[in-house]
Amino acid sequence: MDIGFIGLGKMGFPMARRLVEAGHHLFVFDQRKEAVDQLVALGAVAASSPKEVADRAETVLASLPSLQASLEVATGENGVIEGKRVKRFVDLSTVGSHMAVRIFDLLAKRNIVQLDSPVSGGVGGAEKGTLAVMVSGPRAEFELIKPALSVIGKVFFIGEKPGSAQTMKLANNLLSATAVVATSEAVVMGVKSGLDPNVMIDVINAGSGMNTASRYKFPRAILPRTFDFGFATGLMVKDVRLCLEEAKSLGLSMEVAEAVGRLWEVVIREMGPESDFTSAIKPIEQAAGVVVGGKGAKT
Ligand code: NAD
């Protein structure tokens, strides 16, 4: 297939690379020229704007870091909306259901179909092609893009209602965000009382407390204190805030989500939006006066 791809960041680059390697013809754009150059070296064709991408491919995928970026790329000046060839815009970013519907409505006026397709599974999943890919939008359009999306992961059809895949993704990420801070609190408590954090994680992973933070984030990025899992705190906080907004607009109060949201606001304030989200443990450690893992490592 001819596929456009906009946003070649931590997630977008490995997804686009897999599509090139699977034999698709890719037209790519990113604000960072170096990312475009690297993909061109692998066989993709560079474009100079989202519009140019959409002039050249019927299907345009995007993996962008903010709601504003998705809106601008899709519907702004020189955006996908102005493309001559484009028929569908598939947003792999997490933007929440309200922004997804807004983009859907704006593109529909130009006969371009927006499909939500947020993904879960991190940079490792993007590299290996094992992401959970959640799609919502018109079923016939979904069937057309399913073979290409299968290259990046396991594809789930969530429903025809625009934005419903975003709601699914926010529910998933609330659990991911909760796992990081809840496991951090539990391990910090143990370390404060003298337990070995390596033993704690082994026990939790063999027991009923096991979760994605204990399974992957602690062994890979927290215990060795590399804090390089590949997902920015700013993006995690974006998703938690979107989830809380979603709950509010449904008239729900989510007690756990609100507590988790407050903790993540502390993390972004103290660690900054560019920090890796595994740094969430640091304010919890600082409050307790302990360091978890990495003998002698500085917090
Ligand atoms: P990133 O910041 O690493 O990448 C974003 C890319 O978009 C960058 O290369 C940037 O230069 C480019 N960009 C920004 N604005 C642009 C514009 N207007 N036009 C063209 N390019 C532009 O972010 P990421 O971690 O790859 O995340 C992308 C999306 O995927 C986010 O919505 C995020 O929430 C979601 N996501 C991330 C992860 C993860 O583990 N990193 C996992 C699942 C979902």
Side-chain angles (χ1 to χ4, degrees), residues 4-18 27-39 46-54 60-81 89-97 99-100 103 116-134 152-154 165-166 168-177 179-180 212-213 216-217 220-221 227-243 264 268 272-278 280:
F5 206 113
I6 303 169
L8 306 168
K10 291 194 185 73
M11 294 296 285
F13 188 88
M15 290 192 273
R17 180 175 56 205
R18 289 191 67 83
F27 301 93
V28 296
F29 175 70
D30 193 292
Q31 285 174 338
R32 292 181 306 117
K33 189 177 172 303
E34 67 272 20
V36 173
D37 290 346
Q38 278 176 34
L39 216 71
S48 60
S49 67
K51 177 192 179 298
E52 195 192 331
V53 171
V60 176
L61 275 50
S63 176
L64 294 160
S66 68
L67 282 65
Q68 199 53 35
S70 280
L71 182 66
E72 270 172 33
V73 161
T75 68
E77 200 179 321
N78 252 330
V80 169
I81 198 163
F89 174 70
V90 184
D91 201 349
L92 303 160
S93 333
T94 308
V95 297
S97 64
M99 180 54 81
I103 295 173
D116 290 309
S117 186
V119 298
S120 177
V123 174
E127 281 164 357
K128 287 186 234 122
T130 56
L131 294 169
V133 185
M134 302 155 245
I152 60 170
K154 185 169 180 184
Q166 291 289 338
M168 178 65 243
K169 164 72 179 169
L170 294 179
N172 175 82
N173 271 31
L174 171 65
L175 295 177
S176 169
V180 171
T212 52
Y216 306 114
K217 285 135 203 175
R220 246 189 260 158
F227 302 108
D228 59 353
F229 204 79
F231 187 42
T233 295
L235 295 181
M236 183 84 271
V237 172
K238 158 178 73 72
D239 295 353
V240 174
R241 287 178 185 160
L242 284 171
C243 183
W264 279 100
I268 196 168
E274 304 300 330
S275 64
D276 191 82
F277 80 137
T278 51

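When a residue number appears, it is its place in the shown sequence, counting from 1. Numbering of ligands and ligand atoms starts at 1, following listing order.
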Could you state the interatomic distance from OG1 (T94) to CG (L64), rounded to the nearest 0.5 Å?
11.0 Å

Would you please classify the geometry between the F277 ring and the F231 ring as parallel, tilted or perpendicular, with 30° and 60° separating the classes?
perpendicular

For R220, which residues count as a side-chain hydrogen bond (donor to acceptor under 3.5 Å, both in side chains) partner, sequence neighbours excluded?
none

Side chains of S275 and T233, donor plus acceptor under 3.5 Å:
yes

Report all side-chain donor-acceptor pairs from residues 121-131 shorter than 3.5 Å, counting only partners two or more places apart or in another chain.
none

Could you list each N/O atom of ligand 1 together with any protein N/O atom closer than 3.5 Å, one pair per line with the distance?
{"residue": "ligand 1", "atom": "3 (O)", "partner": "K10", "partner atom": "N", "Å": "2.9"}
{"residue": "ligand 1", "atom": "9 (O)", "partner": "G9", "partner atom": "N", "Å": "3.4"}
{"residue": "ligand 1", "atom": "9 (O)", "partner": "D30", "partner atom": "OD1", "Å": "3.4"}
{"residue": "ligand 1", "atom": "9 (O)", "partner": "D30", "partner atom": "OD2", "Å": "2.7"}
{"residue": "ligand 1", "atom": "9 (O)", "partner": "R32", "partner atom": "NE", "Å": "3.1"}
{"residue": "ligand 1", "atom": "9 (O)", "partner": "R32", "partner atom": "NH2", "Å": "3.0"}
{"residue": "ligand 1", "atom": "11 (O)", "partner": "D30", "partner atom": "OD1", "Å": "2.6"}
{"residue": "ligand 1", "atom": "11 (O)", "partner": "R32", "partner atom": "NE", "Å": "3.4"}
{"residue": "ligand 1", "atom": "15 (N)", "partner": "Q31", "partner atom": "OE1", "Å": "3.4"}
{"residue": "ligand 1", "atom": "18 (N)", "partner": "Q31", "partner atom": "NE2", "Å": "3.3"}
{"residue": "ligand 1", "atom": "21 (N)", "partner": "Q31", "partner atom": "N", "Å": "3.4"}
{"residue": "ligand 1", "atom": "26 (O)", "partner": "K10", "partner atom": "N", "Å": "3.2"}
{"residue": "ligand 1", "atom": "26 (O)", "partner": "M11", "partner atom": "N", "Å": "2.8"}
{"residue": "ligand 1", "atom": "32 (O)", "partner": "L64", "partner atom": "O", "Å": "3.0"}
{"residue": "ligand 1", "atom": "32 (O)", "partner": "T94", "partner atom": "N", "Å": "3.0"}
{"residue": "ligand 1", "atom": "32 (O)", "partner": "K238", "partner atom": "NZ", "Å": "3.4"}
{"residue": "ligand 1", "atom": "34 (O)", "partner": "K238", "partner atom": "NZ", "Å": "2.9"}
{"residue": "ligand 1", "atom": "41 (N)", "partner": "G230", "partner atom": "O", "Å": "3.1"}

Residues at least two apart in sequence or cross-chain that pass salt bridge (charged side-chain N to carboxylate O under 4.0 Å, His left out) with K238, listed by chain then number, are none

